[in-house]
Amino acid sequence: MTEPADSPKQDYRDSVFLPKTDFPMKAGLPQKEPGILARWQAADFYTELRNRRRGREKFILHDGPPYANGDMHIGHALNHILKDMVVRTQTLLGKDAPYVPGWDCHGLPIEWKVEEQYRKKKLNKDEVPAVEFRAECRAYAQNWVDTQREQLKRLGINADWDNPYLTMDFQAEATIVAELLKFAESGQLYRGAKPVMWSPVEKTALAEAEVEYEDIVSTQIDVAFEIVEAPNEPSLVGAFAVIWTTTPWTIPVNQALAYGPEVDYVVSEVAGRRYIYALDLEAAFLSRLGVESVDRGYGPLKTGGLVDAFVRHPMHHLGGFFAKPRSMLAGDFVTTESGTGLVHMSPDHGEDDFDLCKANGIDPVFAVEGDGKYRADWLWLGGEGSVINPKFNAPDGPICTALRESGGLLAASADYKHSYPHSWRSKAKVIYRCTPQWFVPMDKATVGATLREKAVAAISDTRFIPEKGRNRLSSMVEGRPDWVLSRQRAWGVPITLFVKKGTNQYLDDPAVNARIIAGVRAKGVDGWSEERAQEYLGPDYALADYERVTDILDVWFDSGCTHAFVLESGRWPDLQWPADLYLEGSDQHRGWFQSSLLQSCGTRGRAPYNAVLTHGFTMDQKGMKMSKSLGNTINPLDLMRDSGADILRLWALTVDFTEDHRIGKEILQGVSDQYRKLRNTFRYLLGALDGFSDPEKVEVADMPELERYMLHLLADMDVKLRQAVDDFDFNNYVRLLTDFANEDLSAFFFDIRKDSLYCDAATDPKRMAYRTVLDILFHALVRYAAPVLVFTSEEVWQTRFGADVDSVHFSDWPEVDAGWIDTKLAENWGRIRGARMLANELIEPMRRNKEIGSSLEVEYSYSGDAGEIDLAEIFIVSTVHLGREEGAVKTANHKCGRCWRHLPEVVDDGALCGRCADVVGG
RNA sequence: GGGUGAUUAGCUUAGUGGUAGACCACAUCCUUGAUACGGGUGGGGCCACAAGUUCAAACCUUGUAUUGCCCA
């Protein structure tokens, strides 16, 4: 067989200027990214950027320290990507935006892990010298800092990784001590008391995390307190308020009773005595008493009848502490879920009790000592215990026996099953016990205003993104109690106070304080030792007269001081105080945002930040919390290994991070598709710009309308992108970019100009104008995309300019000429694009019937006027007839063998049109 | 249990009282020449649910559900 002689189809492909680039469509990010990272690192990228931005306006993002314990998770990844985006966009705008990362290193979780290691080695923490133990904690924290640092680096975060801040640096520890002493010197510190979880076995306070709950059986007792005074209902005098408790040992420390203001009470008579209890709990109460019915002749208790009433302790005959009448107080926490609806209050041994009593001027008495025994001078059961001993609390034990003899015990049985806290370590029962603690007062006026007032004022001076963060922080500051600074632990910054023995008064001498700070600066937290105490006290004070406080600081005080030892210290000369921005998860309203605010307001009278940005939490695909037990966690390390950091970054910057948001397989698939679209846009630009150089450039004034319209769109987007950066609206930022790339470029501009790019002569002014605009677009888009796709943008940059040139990340914001904005032109082109859409709709049925294939086979009639614009080119059809009723027909013209347009001058299918003949011939 | 957010198409999301929009995905057609790509067209929403205010509600009010964060 031979080819038909009449169709010598010539292949013009070689004469067409097709895009040419080595930039691959398949990204291969997991393989490429580490190489790009290594190059940045080798060139000391962070330092170089600092040098280049020196002297520019600053933007200070102050990094909140993650806890140095465990691998990076999705929350860390999101948080750091957002921070990096802030820093990079501000840098792109030309500012000097340093980023010093930090870690929170002290605290119980680390202490606990180290203890766990000790236990595995059969070592007892208490037998190890504290200095040695702290050294282990330090090493443990350092290990996780190093691990997390490498994981965060992999995200492409541009930070001062070689010089991070750690709360356990000696310099940091010394600053924290100095900041604490500022509170002391300004009178914003006092020693008070507070019930804490206490283990009588280990004789130590426990944190919530050190407590586990187990079911036990306790003795439950009902105790009658005789009413001795009832100004609002005098008939109640002589009746008995009945309380119920599962901790009989607290009765010897009772100081008040509480009733529920909303609870309905009744007065009934049993065996000649009148009892008061909640109506809803009558059945259970009577069953404990072992009676079947009562005389309810007294009826319901009048509302307010218990207000201002007093009772007396069943052991009042002992005198002293027990003789004092007990108030009846209204407590919102009193419910009718169990008991009698009346609750006995011991401020020493319960949080509700403590708070209610404190509000009514009743102080704790510290009757139970650290070993769980009543102190020796206690009138009842002095020196006896321990209070957690079941026999001590039993129905036949000493407490119940005495109560029974006094007539106060109505019922007692060792049969109440409930969940009760135990020490995680010893498995022994724990109790609430009031212990001395150090507080920062919220409502004490110092230098004009209280700390609460200063903090509230500072909040109103701060910008919040989103705005609702303001309310959240305000309501917490307005409602919070005094700040408890002390912890009875080992791994932390010491509360470096000397207290005058026999008082609660700490020594306030700046000379002593200066020596203490110097000591901690030299030796870290170990510098606060008994051996060095006299050295700090100096010649003016004798150690024998003082108690050296051995508590450590709440770790929130540590992190609340980061602004002091990072921004102010001078160790990072690029930084300055206050920070422009703090950026953390919404849980930090209670945490770091607040501790930093209070710390700074207490010492500097204002917030350490000008703005606070909060992000939500990452949920699984269905919006459920991620947890290991549900198996719905997404591990960012796996994701980077499988898909690349740029995909993770694009995800973080596409979702609405100000709210809770989701991640999952389907969502990530969508992100990957979006990435591919952007990547392909760059690939096209690189291919279409092959061989482009300055001499080809055309002045904007000489460009066709379409090119000027595109520059208008670019300039318009530029304004919106700047606004998005100012608003930290990254979701919008990325959407502006992708919509522009997809709709304005790929589906419109590139599609229309394909003909010119492929088929016009290299010297054709239209083609030159097109390539000039592509070059402008390239420079703009690669910079816009750089803060988002940090690796891909670098790859694009190097593909165009070679591996030896500067990084794209040293660039400034694109120079987009505001003069390109041409509203009138844009309005006209808006109409043309509308007409183009209509044309597509009219052409579509022909394509669908297989009447035509390509739209270039169409002759289109347009009812309007097009001015100078060649609509055939814009609509991508063969010809447009003006001034006729809108419609499409198949052309009779032949197809040019090179540009595929159907034109009258083409003599036969496959022959050349005039333009192509010139190009090929010339 | 309390406080405080969220809920718009399969996904990511615009939308501050006047006919609910977009990108992606999906279906389908075109494409020798952006080809592990590109273009066209189309379907798809009781705006979580229920009451109320209003001439008119995704939007304002109240409640419910689901779900998050903080606290108890």
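Note on naming: letters A, B, ... go to the chains in the order of the sequence lines (proteins, then strands), and numbering restarts at 1 for each one. What's counted below: heavy atoms across the whole structure, side chains too, no hydrogens, waters or symmetry copies.
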Figure out the [atom1]/[atom2] separation between [X] and [N], and round it to whole Å.
| X | N | atom1 | atom2 | result |
| --- | --- | --- | --- | --- |
| A:Ile874 | B:G39 | CD1 | P | 16 Å |
| A:Asn632 | B:U67 | CG | P | 13 Å |
| A:Lys625 | B:G5 | NZ | P | 20 Å |
| A:Met476 | B:C69 | CE | C1' | 8 Å |
| A:Lys622 | B:U12 | NZ | P | 14 Å |
| A:Phe740 | B:A14 | CZ | C1' | 19 Å |
| A:Phe750 | B:G38 | CZ | P | 12 Å |
| A:Asp656 | B:G68 | CG | C1' | 14 Å |

Next on the checklist: Can you work out whether A:Asp352 or A:Met837 has the more 5'-proximal nearest nucleotide on RNA chain B?
Outcome noted: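 Mapping each residue to its closest nucleotide by heavy atoms, the 5'-most match is A:Met837.
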Checklist entry - A:Glu666 or A:Glu743: which one's nearest nucleotide on RNA chain B is closer to the 5' end? => result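 Upstream on the strand: A:Glu666.
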When you measure from the side chain of [X], which nucleotide among [options] comes out closest?
| X | options | value |
| --- | --- | --- |
| A:Arg683 | B:U35, B:G39, B:C69 | B:U35 |
| A:Arg735 | B:C37, B:U13, B:C69 | B:U13 |
| A:Ala747 | B:U41, B:G40, B:C70 | B:G40 |
| A:Asn840 | B:G68, B:U41, B:U35 | B:U41 |
| A:Asp739 | B:C69, B:U12, B:A22 | B:A22 |
| A:Glu659 | B:G5, B:G68, B:G40 | B:G5 |
| A:Tyr684 | B:U12, B:A34, B:G33 | B:A34 |
| A:Lys26 | B:C69, B:A36, B:U12 | B:A36 |
| A:Lys850 | B:U67, B:G39, B:C29 | B:C29 |

Checklist entry - Side chains of A:Tyr758 and A:Arg13: donor-acceptor distance under 3.5 Å anywhere? => result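 No, no side-chain donor-acceptor contact under 3.5 Å.
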Next on the checklist: If we count only N and O atoms by modelled type, under 3.5 Å, do the side chains of A:Ser746 and A:Asn742 hold a donor and an acceptor together?
Outcome noted: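 Per modelled atom types, A:Ser746 and A:Asn742 side chains form no pair under 3.5 Å.
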Pick the [atom1] atom in [N] and in [M], then give their distance to the nearest Å.
| N | M | atom1 | answer |
| --- | --- | --- | --- |
| B:G5 | B:U61 | P | 12 Å |
| B:U53 | B:C59 | C1' | 13 Å |
| B:U16 | B:U31 | C1' | 45 Å |
| B:A72 | B:A56 | C1' | 45 Å |
| B:U4 | B:G44 | P | 41 Å |
| B:G17 | B:C47 | C1' | 15 Å |
| B:A9 | B:A22 | P | 14 Å |
| B:A6 | B:G63 | P | 15 Å |

Across the strands shown, which category fits [X] at heavy-atom distances under 4.0 angstrom: base, sugar-phosphate, nothing?
| X | value |
| --- | --- |
| A:Arg848 | base |
| A:Gly687 | nothing |
| A:Asn732 | nothing |
| A:Thr738 | nothing |
| A:Gly469 | nothing |
| A:Val16 | base |
| A:Ser746 | base |
| A:Arg679 | nothing |
| A:Asn471 | nothing |

Whether [X] contacts [N] is assessed here as follows: a side-chain N or O lying under 4.0 Å from the phosphate OP1 or OP2. Is that the case?
| X | N | result |
| --- | --- | --- |
| A:Arg13 | B:G33 | yes |
| A:Arg472 | B:C70 | no |
| A:Lys754 | B:A34 | yes |
| A:Asn680 | B:G38 | yes |
| A:Tyr12 | B:G33 | no |

Looking at [X] versus [Y], is the centre-to-centre ring distance below 6.0 Å?
| X | Y | value |
| --- | --- | --- |
| A:Tyr860 | A:Phe875 | yes |
| A:Tyr733 | A:Tyr784 | no |
| A:Trp592 | A:Tyr582 | yes |
| A:Phe682 | A:Phe23 | no |
| A:Trp198 | A:His349 | no |

Next on the checklist: Going by purine N1 to pyrimidine N3 plus the second Watson-Crick contact, or the G-U wobble pair, all under 3.5 Å, which nucleotide sits opposite B:G1?
Outcome noted: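 Check on B:G1: paired to B:C71, both distances under 3.5 Å.
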Next on the checklist: Pairing check on B:A6: which nucleotide meets the Watson-Crick or G-U wobble criteria with it, both distances under 3.5 Å?
Outcome noted: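 Looking at the geometry, B:A6 pairs with B:U66.
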Checklist entry - Can you find an N or O donor on one side and an acceptor on the other, under 3.5 Å apart, linking the side chain of A:Asp660 with the base of B:A6? => result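 No pair found.
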Checklist entry - Does A:Thr21 make a side-chain donor-acceptor contact with the base of B:A34, cut-off 3.5 Å? => result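 Under the 3.5 Å cut-off, the side chain and the base do not form any donor-acceptor pair.
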Checklist entry - Do other residues, nucleotides or ligands put more than 12 heavy atoms under 6.0 Å from A:Asn849 CG? => result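 For A:Asn849, atom CG is crowded (more than 12 foreign heavy atoms under 6.0 Å).
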Checklist entry - Taking only residues two or more places apart in sequence or in another chain, which ones pass side-chain contact (heavy atoms from CB on, under 4.5 Å) with A:Asp690? => result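 A:Asp690: side-chain contact (heavy atoms from CB on, under 4.5 Å) contacts with A:Lys20.
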